[in-house]
Amino acid sequence: MKVPSMIAAEVRRLTASPMAVLALVALIAVPVLYGGLYLWANQDPYGRFPDVPVGLVVDDTGATNARSGEWTNFGEEVADTLLDGGAFDWQRMTGEEATQALHEGSVDFVVTLPADFSDALVSVSTDNPRQARIELETNDANNYLASSIGSTTVERIRRSVAEMVGKEAADTMLTALSDIRSSLSDAADGAGQLADGASTAHTGSGDLAEGTGTLADGIRTLAEGASQVAEGARGVRDGNSTLSDKADDVAASLQNATDSLPEIREEISRMLHDSGLTPEEVADVLAQLDPLADTLREGNDAAQNAVGQIDLLADGARQLADGAGDLAAGAETASQGASSAHEGALSLRDGLSQLASGSSDLRDGLADGVEEIPASTAQLRTAQAKTIADPVTISSDKVAAAPDYGAGLAPFFAALAGWIGIYALFLIVKPISRRAVTALHSPVRITLAGWLTPAMFGGVQMVGLLGVLAVALGFTFHNPLASLGIMVLASATYAAIILALNVWLGSVGQFMGLVLMVLQLVTAGGTFPWQTLPAPLTWLHHVLPMGYVVDAMRQVMYGGDLSRVGVDIAVLLAWLAGALVLAMLGVSRMTQRRTLRDLEPSLIG
């Protein structure tokens, strides 16, 4: 009996009745239904987030920016951004409504922007800076993953708000820096003018110092001359004063003599009469004396006039002496002032020299400061503020890329569906034909026939599953033929493994196939990276075949490293060959001797 005959006999048995055909078709469809339905349900869950209801509570009352003086409400701006973005089915609610909705399960989580949200954001420019809060409220009784999604969402909102506020603050800072640069430029120009003026003033102060030196020398000479004049004037004053006194004495004597003339004339007349002269003779004598009296009177008048002039001269000399003294004192004061002016002019010259040097340094320093601050435009400041607020961007480059979440899970569920399909087939397919064991003594042919029948049906399952994934679900395969080849090889390997378990353990072997599926379900690394597994399970990942199937499918489906596929295929072939050899040994044992267990009916059927 040849292998094809044994396969044909098994196929006839499986299609002997309509119910048998229906059962066979149903079992063949198991991996298609399992893999197709699961991946259909999870093809793009992230793309359906806009249907997820989320409560949004905005209690923000707004605030006035102390720096700009503008009133703003960041809470409303954030709410408008969230509603326009449509990442979720955002529903504006009050706090009470949101709490009730979360409790009833009509929203998956609630995001609240509290009353002091804006006030906290603008507090950075006050003496009481504090962080703003975004409140997240979840209910794991509704959905545990909703809590994780909510946390991620709030973190994104936080980053967005931080970028928005940081951009505004940076723009304000850059605008102020631009104003400072403009002011520094004006200050540098002013410092340049100051330096030029100081240099000119320094030159003038040198001339001034020289002039004040000459002035001081001249005034010193003047003071010395004025002192001599004052001394001479005092001598003249003293001489004139003496002359005036003498003149006054002479004038007084003349005046007395003049005033005494009438009495003297009377006395002379009396004396002449007493001496016996006749009246005529007395009259002749008096007539001779009267011209002398007139001369005396004229002399007195002249003397009085001269005395008046001498008194005026004495007063003038006195005033001249006093003035000359004042002139000398003033000249001395002027000399001292001129000396002080000269010293001040020298200090001014030295100070202006330092001013010229310092203003030049100031001009150069301000010019350097202007150069250190880059010139900017409003457009450039906007770009700079955006960069400061969000300085790091992410550049992502994938060596191999899965288009969506469902495509990312496809290799794992295709590998798992292949195992489930083979496991289900062995519920109706006989691992080993007892007739062949009795009639033949060829473990190789018996084993190949027992393996090829489920392997053939498994190949049909994989073709159907690939068709559903590629056509019905629209998954793209970078190398579809290689993907189908790996799926068929994986199904054939699974068939050999479960065959060996059934040959050696019977019904218990079928159960062990279920246990082995569970172990591979958690160790294949189909969802989380296998490096996250506990140490014992990590060892199983490197041993069991399903992890290699997942890795190979990822490479050929996404366009990854084909050299890794060679290693994966080698491991699968090793499992296939090892399982077939093990099954052959079991069949060989069965052809040589029977045990009571071999005669017992299978618990699974």
Side-chain angles (χ1 to χ4, degrees), residues 3 6-7 10 14 27 30-31 415-438 440-459 461-462 486-521 523-524 540-549 568-605:
V3 172
M6 288 187 284
I7 294 174
E10 182 64 13
L14 294 173
L27 291 176
V30 165
L416 183 59
W419 187 282
I420 293 174
I422 292 297
Y423 181 86
L425 285 173
F426 271 99
L427 296 176
I428 61 172
V429 173
K430 290 183 178 180
I432 296 297
S433 172
R434 298 184 185 275
R435 290 178 55 194
V437 171
T438 303
L440 299 174
H441 292 280
S442 177
V444 175
R445 284 188 292 172
I446 295 172
T447 301
L448 289 176
W451 167 66
L452 285 174
T453 301
M456 178 182 63
F457 288 125
Q461 289 176 330
M462 295 299 100
I486 291 172
M487 291 170 68
V488 171
L489 175 60
S491 179
T493 302
Y494 299 156
I497 294 171
I498 296 179
L499 173 65
L501 291 174
N502 276 275
V503 168
W504 281 96
L505 302 175
S507 299
V508 176
Q510 186 72 8
F511 173 73
M512 290 302 297
L514 179 62
V515 173
L516 197 57
M517 181 190 72
V518 173
L519 287 175
Q520 295 183 102
L521 181 66
T523 61
L540 288 176
H541 169 80
H542 292 293
V543 174
L544 297 177
M546 191 176 293
Y548 295 95
V549 178
D568 297 328
I569 291 176
V571 174
L572 292 178
L573 291 175
W575 268 96
L576 174 62
L580 288 178
V581 169
L582 187 61
M584 290 177 188
L585 293 176
V587 171
S588 177
R589 180 187 60 84
M590 293 171 62
T591 59
Q592 294 174 7
R593 57 187 176 88
R594 293 291 185 92
T595 64
L596 183 62
R597 182 182 63 79
D598 295 329
L599 300 176
E600 292 176 352
S602 172
L603 295 175
I604 299 177

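Sequence positions, counted from 1, serve as the residue numbers for this chain.
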What is the distance from atom [atom1] of [X] to atom [atom2] of [Y], rounded to the nearest 0.5 Å?
X: Leu516; Y: Phe511; atom1: CG; atom2: CZ; answer: 11.5 Å
X: Leu514; Y: Tyr423; atom1: CG; atom2: OH; answer: 4.5 Å
X: Leu448; Y: Leu580; atom1: CG; atom2: CG; answer: 7.0 Å
X: Ile486; Y: Asp568; atom1: CD1; atom2: CG; answer: 7.5 Å
X: Ile420; Y: Leu521; atom1: CD1; atom2: CG; answer: 8.0 Å

ask   = If only atom types and distance count, is the side chain of Thr523 paired as donor or acceptor with the main-chain N or O of Leu519 below 3.5 Å?
value =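 Side chain of Thr523 to backbone of Leu519, a donor-acceptor pair under 3.5 Å: yes, one is there.
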key: Partner residues of Leu489 under the side-chain contact (heavy atoms from CB on, under 4.5 Å) criterion, sequence neighbours left out   =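 Counting only residues at least two positions away or on another chain, Leu489 forms a side-chain contact (heavy atoms from CB on, under 4.5 Å) with Thr493, Ile569, Leu572, Leu573, Leu576.
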Of the non-hydrogen atoms in [X] and [Y], which two are nearest, and what is the gap between them?
X: Ala500; Y: Ala579; result: CB-O, 3.5 Å
X: Pro443; Y: Val587; result: CA-CG1, 3.7 Å
X: Gln510; Y: Asn502; result: OE1-ND2, 3.0 Å
X: Gln520; Y: Pro545; result: OE1-CD, 3.1 Å
X: Pro431; Y: Leu499; result: O-CD1, 3.3 Å
X: Ile422; Y: Ser491; result: CD1-OG, 3.3 Å

query = Should Val503 and Arg589 be marked as a side-chain contact (heavy atoms from CB on, under 4.5 Å) after you check the CA-CA gap, both sets of side-chain angles, and the distance that decides it?
reply = CA-CA 10 Å; Val503 168; Arg589 180 187 60 84; 5.6 Å; no
task = Verify side-chain contact (heavy atoms from CB on, under 4.5 Å) between Met512 and Val508, making sure each step is shown before the conclusion.
result = CA-CA 6 Å; Met512 290 302 297; Val508 176; 4.2 Å; yes
request  = May I have the step-by-step check of side-chain contact (heavy atoms from CB on, under 4.5 Å) for Val543 and Trp575, ending in yes or no?
outcome  = CA-CA 10 Å; Val543 174; Trp575 268 96; 4.2 Å; yes
query = Residues in ring pair (Phe, Tyr, Trp, His ring centres under 6.0 Å) with Trp419, at least two apart?
reply =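 By the ring pair (Phe, Tyr, Trp, His ring centres under 6.0 Å) rule, Trp419 matches Tyr494.
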side-chain contact (heavy atoms from CB on, under 4.5 Å) evaluation trace for Met456 with Trp451 = CA-CA 9 Å; Met456 178 182 63; Trp451 167 66; over 6 Å; no
